[in-house]
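These notes concern the structure reproduced below.
Residue numbering restarts at 1 for every chain, and letters A, B, ... go by the order of the sequence lines.
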Amino acid sequence: MSTLLDVQGLTKQFVKDDTGIVALRDFNLQVEKGSFVTILGRSGCGKSTALNLLSGLIRPTSGTVTYHGSPITGPRTEISYLTQSDTLMPWRDVRRNIEMPMEISGAPAQERRARAMDLIERVGLTGFERHYPRELSGGMRRRVSLARMLVGDPETLLMDEPFGALDAQLRTDLQAELLRLWQDSGQTVVFVTHDIEEALLLGDRVVVLGLRGRCVLDREIDLPRPRDPDELRVESNFVALHREMTEALRKGAR
Amino acid sequence: MSTMTESPKTDSAGRADVVALQRSWWERNGRTTSIWSARIALIAGLIAVWQLAAGRIFDPSFTSRPSDIWTRLVEWNADGTLWMHSWITLQEVVYGYALGSAGGALLGFVLTSLPTVYRVLDPFIMALYAIPKVALAPLFIVWFGIEMDMKILLAAVTVFFLVFLNTAAGVREVDRGLIDAVRLMGGGPRDIALKVVLPASMTGMLTGLKVAIPYALIGAVIGELVASNRGLGYLISNSAAQFDTAGVFATLVVLSVIAAILNFLVGLLDHRVSRWKPAEART
Ligand SMILES: Nc1ncnc2c1ncn2[C@@H]1O[C@H](COP(=O)(O)OP(=O)(O)OP(=O)(O)O)[C@@H](O)[C@H]1O
Ligand SMILES: [Mg+2]
């Protein structure tokens with residue numbers, strides 16, 4: 001496998017009044033094509049900042065991000081980014097929200113519609129095509145965002161705590177859904193979370209970040225797939241990994 | 001993920017039941033009906049009190065009375081006075097309103113996309129906005145004469161500022177996250193403007209359009225009061241000069257009908273673009 005996403009010495013400093021806030025310092029990461037990498041870190045350690053930089057939304061203070069060997073200078077359509085907060089257009093109904101990326105790329109209306117309907121079915125929202133975002137529950141909105149992210153058939157997915165605010169059951173469902181959607185797709189996923197269990201359940205590899213994006217641990221997860229959350233929890237291998245991650249997170253906070 | 005196969009049936013996701021409601025005519029329209037009944041009762045009551053009180057409590061040469069106003073309207077309708085003057089004023093109001101709101105909305109969008117220019121101009125715009133527009137009437141007479149142009153511009157100036165300020169406020173409140181979302185989809189400035197900024201600032205622009213309606217009327221009528229021999233403003237001052245209070249009130253009735261029609265039209269537009277908002281937030 002080849003390196004798809006290569007992050008070298010990434011530093012981001014925000015300016016607020018007369019002070020600089022370093023959100024990320026000298027962050028390095030290599031992501032293989034087709035892999036599922038989870039980034040685990042405490043709140044405020046710079047995870048969202050890192051994804052914003054990877055997606056090209058904001059420019060780094062120093063350092064480079066290369067994708068397929070070419071530097072990222074702005075958002076690109078092969079990379080889809082599910083941000084931490086909901087960004088559905090409140091004036092568009094579910095179907096038109098999902099169609100939006102295709103609309104911008106100039107796909108014909110019929111194709112757009114067929115693809116959107118297909119995705120609506122896959123994320124289990126059939127019957128809600130004509131609903132506006134405010135008429136949906138938080139979990140349903142996340143599904144719409146998920147469908148919108150997938151509609152343009154991106155090569156790489158960046159996801160920022162996509163299931164953070166959901167109840168445990170729904171979270172498990174959506175995680176399973178995501179894995180099922182990802183398998184055999186050949187897509188590369190960078191998934192940010194602060195939940196150890198989620199990181200272990202989903203990732204081929206877990207990168208634990210400490211303060212300001214310092215890498216404390218980078219480990220392959222060799223748990224066999226498909227991973228069932230209930231069985232996993234009692235497996236000794238998983239328990240050991242869990243302990244290792246907890247330790248790493250604690251170390252990262254210092 | 002183009003190769004995903006079977007569709008998931010995750011019905012555990014707390015989906016609300018959709019139930020067909022069997023609502024009777026009264027349940028569906030009852031509220032609207034009772035509100036309209038109350039409105040009609042109120043206006044009928046007011047007219048009745050006015051009619052009875054005039055001549056007993058008030059002097060009808062000052063307050064007129066509904067029957068006289070009605071007679072005057074019928075007379076003016078028959079001899080064409082009403083339509084001639086209303087048509088002039090209506091044209092001034094509509095042209096002024098259209099000109100002012102088009103200019104205000106356009107400049108609102110353009111200036112907010114040039115933040116530095118806006119910051120430079122901001123104090124000047126506020127200073128101009130603070131000028132009582134009536135004070136401009138004499139100047140406009142010098143510039144444009146006493147024909148319709150001057151009244152159209154007087155109406156347009158006030159409308160312009162209201163629509164401009166509200167549109168600009170609407171544009172500035174657009175959620176950054178939504179703009180970033182469009183950028184992530186590969187959208188350029190054009191997509192951002194058309195798919196995010198325009199719909200998101202619609203609420204602000206519509207507020208401007210709504211509050212501007214009475215000012216379009218004020219502008220036109222003031223213009224006619226100051227200098228004119230046609231239009232409803234002229235009709236008011238002419239009737240008042242002849243101590244014809246019925247005539248004054250009849251003209252006021254016509255003016256409020258024009259305002260109501262304009263309100264209704266903007267309300268339709270509002271309803272059309274605000275469908276996505278919760279029912280409580282709609283007006
Ligand atoms: N626009 C900004 N301006 C100033 N400081 C910022 C900005 N964005 C982020 N920061 C700072 O950078 C640090 C990292 O923020 P970031 O949003 O990346 O954290 P995070 O790891 O995603 O946290 P969470 O898990 O809570 O989402 C924080 O301390 C925050 O104060
Ligand atoms: Mg974050």
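- There is no contact between A:Met102 and chain B, counting heavy-atom distances below 4.5 Å.
- The candidate from A:Arg92, A:Met100, A:Arg76 with the greatest count of non-hydrogen atom pairs under 4.5 Å with chain B is A:Met100.
- Residue-environment remark: CZ (A:Arg113) stays at or below the threshold of 12 foreign heavy atoms within 6.0 Å.
- For B:Tyr129, the ring pair (Phe, Tyr, Trp, His ring centres under 6.0 Å) partners at least two apart in sequence or on another chain are B:Phe161.
- Heavy-atom distances place no part of A:Leu136 under 4.5 Å from chain B, backbone and side chain included.
- Between B:Phe164 and B:Phe160, the ring-plane angle classifies as parallel under the 30° and 60° cut-offs.
- The ring pair (Phe, Tyr, Trp, His ring centres under 6.0 Å) search around B:Tyr215 returns none, not counting sequence neighbours.
- At a cut-off of 3.5 Å, with distance as the only test, no side-chain donor of B:Glu92 or B:Tyr97 sits close to an acceptor on the other residue.
- Defined by atom type and a distance below 3.5 Å, a donor-acceptor pair is missing between the side-chain atoms of A:Thr126 and A:Glu121.
- Cation-pi check for A:Lys16 over A:Phe14 is not met; the charged atom does not lie both under 6.0 angstrom from the ring centroid and within 45 degrees of its normal.
- Both the backbone and the side chain of B:Val196 come within contact range of chain A, judged by heavy atoms closer than 4.5 Å.
- Residues of residues 179-189 of chain B placed with any heavy atom under 4.5 Å of a heavy atom in chain A are listed by number as B:Asp180, B:Ala181, B:Val182, B:Arg183, B:Leu184, B:Met185, B:Gly186, B:Gly187.
- Counting only residues at least two apart or on different chains, the salt bridge (charged side-chain N to carboxylate O under 4.0 Å, His left out) pairs with a member in residues 194-204 of chain B are A:Glu103-B:Lys195.
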